[in-house]
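As the structure is a computational prediction, the values presented were derived from the model and not from experiment. Along the sequence shown, residues are numbered consecutively beginning with 1.
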Amino acid sequence: MSSCGSGLVSSAPSTSRGGRAAGKYHEQPIICSQLIIRFLCSTRAKGKNRSNIKTMTKTEDKKMLSTKNLVDLGLVTSLLLLATLSARVILYSVVTARAQVTQEKLAQLEKNLSLAMKYIRCKERTPGTDCGELLSSDCPTRWKEHNGTCYFFSQGTNTWERSRSACKRSQAHLVIISDLMEQLFISKTTKTDIYWIGLTDKDQEGVWKWVNNVTLQSESFWDCNQPNDSGKAQDCATMRPPGSCGALGLWNDDSCAKKHKFICEKEAEDTKVDLTP
């Protein structure tokens with residue numbers, strides 16, 4: 001390149017050698033021009049290659065960026081889904097806990113109401129008695145408590161006499177319904193099934209007595225046109241589901257030999273509770 005550069009700036013010497021020397025100096029610019037053109041072409045080609053490489057790099061970067069964006073989007077979507085599911089689980093737990101608390105409060109309210117009813121009855125029956133200490137009732141497993149009394153609603157069926165015996169074995173008796181509140185409680189619990197109750201006129205037709213030998217008084221809850229002693233063989237009473245006479249279960253006389261479910265009743269195991277205002 002140095003000779004090529006000098007050839008470009010130097011003038012042809014005035015030598016006697018004449019045409020040979022001049023021819024030599026005339027060839028050098030041509031050669032240099034060719035070299036320069038090759039250099040420029042090579043540089044241009046390299047520039048194109050570099051441009052292509054940069055373009056390819058940018059394309060690859062875009063692809064990688066696009067792939068990364070997709071991965072990030074999938075990760076964000078998964079996290080959002082996980083957060084939503086977690087929120088639902090937490091909400092379900094809170095609702096369940098609140099429902100449990102509500103059920104416990106309702107149970108406590110029912111118990112307090114039962115105690116209040118006993119307090120009122122105590123005052124009505126014995127006005128001069130101090131009823132501040134009442135009995136808080138506890139019932140065995142599978143028995144239901146209502147107003148200080150435990151009730152057992154059987155799953156199996158039996159005749160009236162065998163049902164009565166089954167109750168006795170549990171230190172209980174077939175249920176004796178003494179007022180409307182007790183009738184409503186039993187009717188609500190029995191729902192769609194027929195149950196024996198502790199009422200019969202086996203000793204004397206038409207004279208209905210409870211199993212404690214107390215004659216049925218004016219307050220009774222017979223179904224429409226009952227008792228009718230159909231077939232002259234219906235001497236035991238049942239609680240049957242609501243019918244045409246109303247929305248509550250009512251009494252019916254039936255054959256004592258039939259098999260129905262039954263209801264046992266006994267006093268709760270008592271613990272004293274002070275409810276003095």
Candidate pair T238 and Y195, rule side-chain contact (heavy atoms from CB on, under 4.5 Å), full reasoning: CA-CA 5 Å; T238 64; Y195 288 80; over 6 Å; no
message: Can you confirm if the NZ or CZ of K266 lies within 45° of the ring axis of W143 and under 6.0 Å from the centre of its six-membered ring?
response: yes
Do you know the tightest heavy-atom contact between [X] and [Y]?
X: P140; Y: C150; value: CD-SG, 4.1 Å
X: K202; Y: C256; value: CD-SG, 4.0 Å
X: N158; Y: W196; value: O-NE1, 2.9 Å
X: S163; Y: H260; value: OG-O, 4.3 Å
X: F152; Y: S154; value: CE2-CA, 3.6 Å
X: N225; Y: N228; value: O-CB, 3.6 Å

How many angstroms lie between atom [atom1] of [X] and atom [atom2] of [Y], to the nearest 0.5 angstrom?
X: H146; Y: T189; atom1: NE2; atom2: OG1; result: 9.0 Å
X: C139; Y: K144; atom1: SG; atom2: NZ; result: 10.5 Å
X: E265; Y: I177; atom1: CD; atom2: CD1; result: 8.5 Å
X: I186; Y: M181; atom1: CD1; atom2: CE; result: 12.0 Å
X: D253; Y: D201; atom1: CG; atom2: CG; result: 7.5 Å
X: N252; Y: M239; atom1: CG; atom2: CE; result: 11.5 Å

Less than 4.5 Å apart, any side-chain heavy atom of [X] and any of [Y]?
X: E205; Y: D229; answer: yes
X: T200; Y: W160; answer: yes
X: I194; Y: K261; answer: no
X: K209; Y: V207; answer: yes
X: K258; Y: T159; answer: no
X: T149; Y: N147; answer: no
X: W251; Y: Q226; answer: no
X: L174; Y: I263; answer: no

Give the table of side-chain donor-acceptor pairs shorter than 3.5 Å for residues 164-172, with sequence neighbours excluded, one pair per line with atom names and distance.
| unit_1 | atom_1 | unit_2 | atom_2 | d |
| --- | --- | --- | --- | --- |
| S165 | OG | E161 | O | 3.2 |
| Q171 | NE2 | R169 | O | 3.4 |

message: Among residues at least two apart in sequence or on other chains, which ones pass side-chain contact (heavy atoms from CB on, under 4.5 Å) with N212?
response: I176, W210, V214
message: Quick one: does any side-chain atom of E182 pair with a main-chain N or O of S178 as donor and acceptor, under 3.5 Å?
response: yes
message: Would you say the ring centers of Y151 and F185 fall short of 6.0 Å from each other?
response: yes
query: Can you get from L216 to L250 by hopping between Ile, Leu, Val, Met, Phe, Trp and Tyr side chains that sit under 4.5 Å apart?
result: yes
